[in-house]
Structure formats: C-alpha cells, structure tokens
Novice: 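One structure follows; several queries about it will come next.
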Amino acid sequence: METTNSSQNIQPLLQQQEPSSPSSITTIKTPNKLALIPLVFLIYFEVGGGPYGAEAVVGAAGPLFAILGFLIFPFIWSIPEALVTAELATTFPGNGGFVIWAHQAFGPFWGSLMGSWQFFSGVINLASYPVLCIDYLKLVLPIFSTGLPRYLAIFFSTLVLSFLNYTGLTIVGYTAVTLGVVSLLPFIVMSLVAIPKIEPSRWISLGEKGVEKDWTLFFNTLFWNLNSWDNASTLAGEVEQPQKTYPKALFSAGLLTCLAYLIPLLAATGAIPLHQEEWVDGYFAEAAEIIAGKWLKVWIEIGACLSVIGLYEAQLSSCAYQLLGMANLGLLPQSFEARSTWFNTPWVGILLSTMIALAVSYMSFVDIISSVNFLYSLGMLLEFASFIWLRRKLPTVKRPYKVPMGLPGLVVMCLIPSGFLVYVMAVATKTVYLVSALLTLAGIAWYFLMNFCKSKM
C-alpha cells in the first residue's frame, strides 16, 4: 500500500514546482525568496566556507598529496554530486530535497531513512562549527583552550548563531554573502604577500621523513571539506525560480569553493618550510604570521570566526527546512510545519537542530568529522540510487536541467564516487560504527512509530 500511495503522490509533488501556486502564497512569500547570489554563498558555506579546517590534509599526507587531493577530488566526487543535485533539485523543487528524491524513487520508508541519515549528519556537522571557531580563538585567547570557559563559549555561540537563523532565510542569505567575502579577504592578502617567497619545489614534497601518513584522516578531511553539495536542495521551496537558479548557483559555488581551497594551500605550502606535524586545525593563522606578520594572523582568526558563522547558518537552514519538507510529506508530525509568525522560519526545526548540536558538541573535531562522513555516505549511496532509479522510473517527467548522459553513463558517473563512499565507511572506527548504527535504528524506529500513530488516528 505504501508503494501505491507513493506513486499516486508523484503528480502532486511535481505540480508544486509550477508557478501557478495559490495566489495568497505567491503574494506573501515571493519577496522573501532566495536570489542567485545569496544561494551561491549558501551553497559555498554548505560545502566548505573557505580553507579553514583543511590544514589536516597537509599534516596527514604532505603538500603534494594535499594539492592533488584538492585538484582531483572535485572531479571524482564534487562534480558528480553537483550534477545529480542540479537535475533532481530542478525536477522536484520542494523543501526536503533529497528526502523527496528517495521518497519518489523507493517509497516513504526510504524517504524517511534518507531524512534520518542526512538530518543526523547535518546536526552533528552543525556541532563542529562552534568547536572549530573556538579552536581558532584559543590561539589568541588561551582561556578558551580547556575547561569551563571553552564549554561556555561553545554553548553561547551556538545559541546566538541559532537566533540569527531564526530571523529569516533572506537575512541569512545576504549575511552569507557578506561573511563569504570578508572571510576570504585575509587569504587573498596572504596569497599575494606569499608570491615572492614561494619555492615551487616545496609543492612536490611527499612529507617529512619519519612522519607516518594518516590516510584515514586525509580522506575524511578531504571528504568533509568538499561534500554536501546537495544540502541546499532542502531550501528549493524558498528559492526564486529554482529550475533556472540552481544550476547557475551550483556551478558558481563549485568554482568559488575550489579556488578558495587551492590558492591559499599553494601559497602557504610554497612560501614556508614544511613542519608537517604543525599542520592541524588553525595552522593557516600560524602560516600567515610567518608570511606577513602578527596582524595577518589575527585577521585570519577573525575571518575564521566569520566563516564559521556562515557555515553554521547554512547548515542550520538546511536541517530546519529538511524537517519542514519531511513534515510536508507526512514523515514527521505537523508541528514541524509551524513557521514563526514574525520571520516565517521553521522554528521547531531550528530549535531541535540546535538542541542536538549542543548535545554532541563535547565530541572532538576529528570524531565529529568521522561520524558526519559515515552517515553522509549512507545518505549519498541512497541518493545516487534514487537518481538512477528516477531516470528509469519517470523517463518522461520534465527535467528543467538534465545531466547529458544516458542511463549507462549515469551509472558509471555514480559508481566512481560510490566506491569512495564505501572506502570512507570501511575505514571508520568502532565508535563511529556504533554511533551510526544506533542513529540508523532510531530513524527506522521513528518511521514505524509514525505509521503506528497514523493508524490510530
């Protein structure tokens, strides 16, 4: 019965993308919808938000592998994910994004499970941003290194950033534009100052002798810095002309993201001698001090905090609107459809996401990345499967943007990044396996609980 109901719901969901929505909705909400530039920067922050947090790639495997990683990985991972997102987000442009895709492809159970994996991945990821911010601040203010001051700083920064998200997606979008430009400026300055000091031979270093390569950390960090191209799809219902806007935004954000990683990485590794074990989170600030002086170190640390604000706002928006979309599909209680009277934001989703993020913020940055990557990998495998199956299941559905390949080509395109996803999952720790298994079971239990409650109504 569930499969039949899902099939019957395809047409109504497709009709949601038509401009002939009820006039009351169009009149009220159109002025608040996201335009191209804010969406570009929201996607930019969903994916990376600048080179902050990428330092561990150099520490794990040396400059050459780090540079090659950020050159090659976008082609085998980021581009296929962005293409899948562009096609599906323009075909099913509703709040919920990947949840809608899995729901349409395989039915409500898999839509719900996709929602669970992606939501837990998102909120755990959310917890990493205040932690990353404090890791930068502690270099200037050592009081935030350990103990109660550190926990209080994480707690209050999380609450303040969540309140900013509550004030509205349009405000968040234009805030992301400002934060993106300002947080990248110190890296542009560092790269320009570094040019006379660059020795290209440093770029081909395989790392210091005696320093063992940590491939698990290398791939986890690389993956964490270049994934989540599909996260902004959960905002599709809030985007102005999503069929035209999404492909342009994804292309622009992809170019911006790759350059934001590569240029500072080339500048820092080429301009200063390699001390590999020092390349940990926050080391770009130290590199900036060596290249230009204390003033640039402080500027980059301020930029890191601004970048974290953008990362947090983009991720929280994705989580909150995903829950809104799941409620629209009947996968969550109707209370998750509630919007703020003042700001028209899904306040229940924002509140729940914030509470879970606070609960896991005690975890180390590396543990957070590993847990996020595992859950995200599960969701992406289902997303690729949904993409392929929808091409076969609904071949005649209008696709405003369509990846220019036949079914065999699409299978090959998805198999390559899928192989990497399996690798990321295979090298996970026992703790990550346990956390992921428990959260998956919780998602399955929730689906059946929702069905049980519906049957009693």
Novice: Is the side chain of Tyr261 donor-acceptor paired with the backbone N or O of Asn225 at a distance under 3.5 Å, no angle test?
Specialist: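 Between the backbone of Asn225 and the side chain of Tyr261 there is a qualifying donor-acceptor contact (under 3.5 Å).
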
Novice: Is Ser317 reaching over with its side chain to a backbone N or O of Glu313, donor-acceptor style, under 3.5 angstrom?
Specialist: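 Checked: pair present.
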
Novice: Kindly indicate, with the supporting measurements, whether the criterion side chain to side chain contact (heavy atoms under 4.5 Å, CB included) is fulfilled by Ile356 and Phe119.
Specialist: CA-CA 10 Å; Ile356 297 176; Phe119 175 71; 3.7 Å; yes

Novice: Can you check side chain to side chain contact (heavy atoms under 4.5 Å, CB included) on Leu381 and Ser418, steps first, answer last?
Specialist: CA-CA 6 Å; Leu381 288 172; Ser418 294; 3.8 Å; yes

Novice: Which atom pair, heavy atoms only, marks the closest approach of Lys297 to Glu289?
Specialist: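 Distance-wise, the nearest heavy atoms are CD-OE1, 3.3 Å.
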
Novice: May I have the step-by-step check of side chain to side chain donor-acceptor pair (under 3.5 Å) for Tyr312 and Ser162, ending in yes or no?
Specialist: CA-CA 8 Å; Tyr312 187 94; Ser162 293; 2.7 Å; yes

Novice: What's the shortest heavy-atom distance between Val411 and Ile388, and which atoms?
Specialist: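 Heavy atoms only, the tightest pair is N-CD1, 3.8 Å.
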
Novice: Please report, to 0.1 Å, the donor-acceptor pairs under 3.5 Å made by any side chain of residues 176-202, with sequence neighbours excluded.
Specialist:
{"residue": "Thr178", "atom": "OG1", "partner": "Tyr174", "partner atom": "O", "Å": "3.2"}
{"residue": "Ser183", "atom": "OG", "partner": "Leu179", "partner atom": "O", "Å": "2.7"}
{"residue": "Ser183", "atom": "OG", "partner": "Gly180", "partner atom": "O", "Å": "3.3"}
{"residue": "Ser191", "atom": "OG", "partner": "Phe187", "partner atom": "O", "Å": "2.8"}
{"residue": "Lys197", "atom": "NZ", "partner": "Ile291", "partner atom": "O", "Å": "2.3"}
{"residue": "Glu199", "atom": "OE2", "partner": "Arg202", "partner atom": "NH2", "Å": "3.4"}
{"residue": "Arg202", "atom": "NH1", "partner": "Gly270", "partner atom": "O", "Å": "3.1"}
{"residue": "Arg202", "atom": "NH1", "partner": "Ala271", "partner atom": "O", "Å": "3.0"}

Novice: Ignoring hydrogens, what is the shortest heavy-atom contact between Leu324 and Pro346? Give both atom names and the distance.
Specialist: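 Taking every non-hydrogen atom into account, CB-CB, 4.4 Å.
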
Novice: Check whether Glu46 reaches the backbone of Asp230 with its side chain - one donor and one acceptor, N or O, closer than 3.5 Å.
Specialist: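 Side chain of Glu46 to backbone of Asp230: no pair is present.
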
Novice: Cut-off 3.5 Å, side chains only: do Tyr246 and Thr85 have a donor facing an acceptor?
Specialist: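 Checked: Tyr246/Thr85 side chains show no N/O donor-acceptor pair below 3.5 Å.
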
Novice: Taking Val403's backbone N and O only, do any of them form a donor-acceptor pair with Glu87's side chain (distance below 3.5 Å, no angle check)?
Specialist: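 A pair under 3.5 Å: yes.
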
Novice: Go through it in stages, so that I can follow the logic: the residues are Phe387 and Met413, the test is side chain to side chain contact (heavy atoms under 4.5 Å, CB included), and I'd like the CA-CA distance, side-chain angles, deciding distance and then a yes or no.
Specialist: CA-CA 11 Å; Phe387 173 64; Met413 183 187 80; 4.0 Å; yes

Novice: Parallel under 30°, tilted from 30 to 60°, perpendicular over 60°: which one fits the rings of Tyr44 and Phe41?
Specialist: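 If you compare the ring of Tyr44 with that of Phe41, the planes turn out perpendicular.
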
Novice: When you compare the side chain of Thr345 with that of Ile350, does any pair of heavy atoms fall below 4.5 Å?
Specialist: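 In contact.
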
Novice: Considering non-hydrogen atoms only, spot the tightest contact between Ser252 and Val40 and give its length.
Specialist: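 The pair with the smallest heavy-atom distance is CB-CG2, 3.9 Å.
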
Novice: Could you pull out the closest heavy-atom pair between Thr221 and Leu217, with the gap in Å?
Specialist: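 Closest heavy-atom pair between Thr221 and Leu217: OG1-O, 2.7 Å.
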
Novice: Specify whether Trp110 and Phe106 have parallel, tilted or perpendicular ring planes, treating 30° as the upper limit for parallel and 60° as the lower limit for perpendicular.
Specialist: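 Perpendicular: the ring planes of Trp110 and Phe106 meet at over 60°.
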
Novice: Tell me which donor-acceptor pairs under 3.5 Å the side chains of residues 59-79 have, and how far apart each pair is, sequence neighbours excluded?
Specialist:
{"residue": "Trp77", "atom": "NE1", "partner": "Glu81", "partner atom": "OE1", "Å": "3.1"}
{"residue": "Trp77", "atom": "NE1", "partner": "Leu226", "partner atom": "O", "Å": "3.4"}
{"residue": "Ser78", "atom": "OG", "partner": "Leu226", "partner atom": "O", "Å": "3.2"}
{"residue": "Ser78", "atom": "OG", "partner": "Trp229", "partner atom": "NE1", "Å": "3.3"}

Novice: What's the verdict on side chain to side chain contact (heavy atoms under 4.5 Å, CB included) for Phe98 and Trp117, showing C-alpha distance, side-chain angles and the deciding distance?
Specialist: CA-CA 11 Å; Phe98 33 70; Trp117 283 335; over 6 Å; no

Novice: Taking the ring of Phe284 and the ring of Trp279, is the distance between their centroids below 6.0 Å?
Specialist: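 Yes, the ring centres sit under 6.0 Å apart.
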
Novice: Can you confirm whether Trp203 is buried at CH2, in the sense that more than 12 heavy atoms of other residues, nucleotides or ligands lie under 6.0 Å from that atom?
Specialist: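 More than 12 within 6.0 Å, yes.
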
